[in-house]
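For reference, the structure is listed below as structure tokens.
Both backbone and side-chain heavy atoms feed into the values below; hydrogens, waters and symmetry mates do not. In the text below, chain A, chain B and the rest are named by the order of the sequence lines, each starting its count at 1. Since the model is a prediction, treat every value here as computed from it, not as a measurement.
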Amino acid sequence: MTLQFTDPAAGTPLEALAPQDDYEIVRRTLEFTSERYRRQPTLAETARAVRVGEAHLEAVFRRWAGLSPKAFLQAVTIDHARRLLGQGLPLLDAAHEVGLSGPSRLHDLFVRFEAMSPGAHKERGAGLEITYGFADGPFGRTLVLWTDRGLAGIGFSDSEHGGDEGALRDMLGRWPAARSRRDDTEARLWVARVFEPAAWRAEAPLRIVLIGTNFEVRVWERLLAVPLGEATTYGRLAAEIGSPKAARAVGAAVGRNPISFVVPCHRAMGSTGALTGYHWGLTRKRAMLGWEFALARPAAATRP
DNA sequence: GCTTCTCTAGGCC
DNA sequence: GGCCTAGAGAAGC
């Protein structure tokens, strides 16, 4: 399927890959292995539990992440998370314009954000015109919401979250006074733009609108500055926005992030490297981190 | 190592 | 004020 992306800010036609069917196998693999992380199961055991052949499992992972199942699963262990945190991130000084991706972030999803005024937020989305739609993506069935100013929300539909209806209620419920209409065709274009690394280009930044309280928006902006393939902690985020003791409040704000994946709340974890939580399920958080790990280290992907 | 306890900040009603 | 958190660190096992 070939998709033409119509956002004037982003522009080029691109092939949609979105191997959404592979995600189900990846998800089951992650669930199985994280249940028994003490004793890492072999490929054969995993394939049996996921009810696919070993060769198929291998092929799915290579197609989906560009890594062997073994390499992928190593990338989502707690040890690896600790190593990510150990690297540390340079603190940005207060004057630094966070959120806007610089040219140095070659592999990242380039984003230009706009924050919704507190006034507009108080009115619970009154006056907002939201279009939404569902499309398949690499992390399952994806709900996208947008306004004429850019992308406003991303959520996921699965049985744990009440299917399409539950996901929609969750997302639209954040702006109950907004008017909304559905457009699945354009939603497919958004999903292709967001989840296709080839479309991440500095000269065609993704426009997003952050709609939240001042505090929430500050946390989300800071999250946008965490590079792909790296991780941070809630405590570190708190220190970076100038409230070093507010780790818990930061966690709450991160949990309310409306634009999942784009605002990389999956790159935030507890101080021990434990994943601690994710609005759309810990398995999905783990999958996103592993997927990004593969993307950030293409060299490691090809090594046996 | 994991679990429990205590002290938290901030948002929201 | 009171009530929630996708927290953190110490203490105990």
Please produce a list of atom pairs where a protein N or O lies less than 3.5 Å from an N or O of nucleotides 11-13 of chain C.
none

Classify the ring geometry of [X] against [Y]: parallel below 30°, tilted from 30° to 60°, perpendicular beyond 60°.
{"X": "A:W64", "Y": "A:F139", "value": "perpendicular"}
{"X": "A:F261", "Y": "A:H266", "value": "parallel"}
{"X": "A:W190", "Y": "A:W146", "value": "tilted"}

Subject >> Interface residues of residues 243-262 of chain A with DNA chain B (non-hydrogen, below 4.0 angstrom) >> reply: A:S243, A:K245, A:A246, A:R248, A:A249
Using whole Å, what does the distance between atom [atom2] of nucleotide [N] and atom [atom1] of [X] come to?
{"X": "A:L289", "N": "C:dA6", "atom1": "CG", "atom2": "P", "answer": "18 Å"}
{"X": "A:M288", "N": "C:dA6", "atom1": "CE", "atom2": "P", "answer": "17 Å"}
{"X": "A:R286", "N": "C:dA6", "atom1": "CZ", "atom2": "P", "answer": "17 Å"}
{"X": "A:R222", "N": "B:dG10", "atom1": "CZ", "atom2": "P", "answer": "18 Å"}
{"X": "A:R236", "N": "B:dA9", "atom1": "CZ", "atom2": "C1'", "answer": "20 Å"}
{"X": "A:E240", "N": "C:dG7", "atom1": "CD", "atom2": "P", "answer": "17 Å"}
{"X": "A:E216", "N": "C:dT5", "atom1": "CD", "atom2": "P", "answer": "15 Å"}
{"X": "A:R218", "N": "B:dG10", "atom1": "CZ", "atom2": "P", "answer": "8 Å"}

Original post:
Between the base of C:dA6 and the side chain of A:Y234, is there any donor-acceptor pair under 3.5 Å?
Top reply: yes
**OP:** Note every stem involving DNA chain C: at least three consecutive Watson-Crick or G-U wobble pairs, i with j then i+1 with j-1, with both distances under 3.5 Å.
**Re:** B:1-7 with C:7-13, B:9-13 with C:1-5
Subject >> Neighbour count above 12 (heavy atom, 6.0 Å) for A:R182 CZ >> reply: yes
Subject >> ring pair (Phe, Tyr, Trp, His ring centres under 6.0 Å) against A:Y234, all qualifying residues, sequence neighbours excluded >> reply: none
**OP:** Please identify each residue that fulfils ring pair (Phe, Tyr, Trp, His ring centres under 6.0 Å) with A:H279, with sequence neighbours left out.
**Re:** none
Original post:
Does the A:R236 side chain pair with the main chain of A:L85, one donor and one acceptor, at a distance under 3.5 Å?
Top reply: yes
Original post:
Under 4.0 Å between a side-chain N/O of A:S271 and OP1 or OP2 of C:dG9, yes or no?
Top reply: yes
Subject >> Salt-bridge criterion met for A:D158 and A:R284 (N-O under 4.0 Å) >> reply: yes
Original post:
Less than 4.0 Å between a side-chain N and a carboxylate O, is that true for A:E45 and A:R48?
Top reply: no
Original post:
In Å and rounded to the nearest 0.5 Å, what is the CG to CZ distance from A:D183 to A:R188?
Top reply: 9.0 Å
Subject >> Closest listed nucleotide, where the reference is the side chain of A:F215 and the choices are C:dA8, C:dG7, B:dG11 >> reply: B:dG11
Original post:
Which ring-ring contact (aromatic ring centres under 6.0 Å, His included) pairs, counting each pair once, include a residue from residues 204-225 of chain A, with sequence neighbours left out?
Top reply: none
